[in-house]
**Q** 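I have a structure I would like to understand better, so I am pasting it below and will then ask my questions one at a time.
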Amino acid sequence: MAKQISLDLQDEPALRTGNAARYLGIAHSTLNKWRSQGRAPAHITLSWKKYVWLKRDLDAFMGARRVESPAPANKGGEA
């Protein structure tokens, strides 16, 4: 038997797929494609084709992809 996990989402911001995609700045279809490929943020499956995305999971997903640019090289030869 599968292990069931209890979630208390009363105070947790949760978004449906369209709103989650807008929050990430991508198309609804892109988020669905990523989900089907296993590349999307963590989500909760409510039923067939119905998903909920927790804001904290979307934030973590974006944070994990953050890239900081290196400092520009000094072209003047001064240190």
Side-chain angles (χ1 to χ4, degrees):
M1 180 174 244
K3 180 180 177 183
Q4 291 188 353
I5 299 172
S6 174
L7 295 172
D8 180 12
L9 301 176
Q10 282 184 323
D11 297 324
E12 181 71 31
L15 306 170
R16 296 290 298 269
T17 303
N19 289 332
R22 274 190 289 284
Y23 184 76
L24 293 173
I26 60 173
H28 183 276
S29 59
T30 300
L31 186 54
N32 277 329
K33 181 178 179 180
W34 286 356
R35 184 193 43 74
S36 69
Q37 295 173 341
R39 298 173 44 205
H43 56 280
I44 299 167
T45 303
L46 298 176
S47 65
W48 187 68
K49 291 194 175 188
K50 289 188 181 180
Y51 307 95
V52 172
W53 310 80
L54 301 179
K55 187 176 178 298
R56 67 176 174 207
D57 291 333
L58 299 175
D59 291 338
F61 179 80
M62 288 189 296
R65 281 145 188 79
R66 182 173 182 226
V67 177
E68 291 194 32
S69 299
N74 186 349
K75 294 184 179 183
E78 297 178 24

**Q** With rounding to the nearest 0.5 angstrom, report the CH2 to CZ distance, W53 to F61.
**A**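 One gets 8.5 Å once the value is rounded to the nearest 0.5 Å.
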
**Q** Say you draw a straight line from CG of L54 to CD1 of I44; how long is it, rounded to the nearest 0.5 Å?
**A**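 Spacing of CG (L54) from CD1 (I44) equals 4.5 Å.
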
**Q** Excluding sequence neighbours, so at least two apart, what forms salt bridge (Lys or Arg N to Asp or Glu O under 4.0 Å) with R65?
**A**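 Once residues adjacent in sequence are excluded, R65 has no partner under the salt bridge (Lys or Arg N to Asp or Glu O under 4.0 Å) criterion.
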
**Q** Identify each donor-acceptor pair in which a side-chain atom of residues 18-27 lies under 3.5 Å from a protein atom, sequence neighbours left out, and give them as a table.
**A**
unit_1	atom_1	unit_2	atom_2	d
N19	OD1	R22	NH2	2.5
Y23	OH	K55	NZ	3.1
Y23	OH	D59	OD1	2.4

**Q** Report yes if some heavy atom in the side chain of P41 is under 4.5 Å from a heavy atom in the side chain of L31; otherwise report no.
**A**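 In short, these two side chains touch, coming nearer than 4.5 Å.
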
**Q** Is the ring pair H43/Y51 parallel, tilted or perpendicular, if the boundaries are 30 and 60 degrees?
**A**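 If you compare the ring of H43 with that of Y51, the planes turn out perpendicular.
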
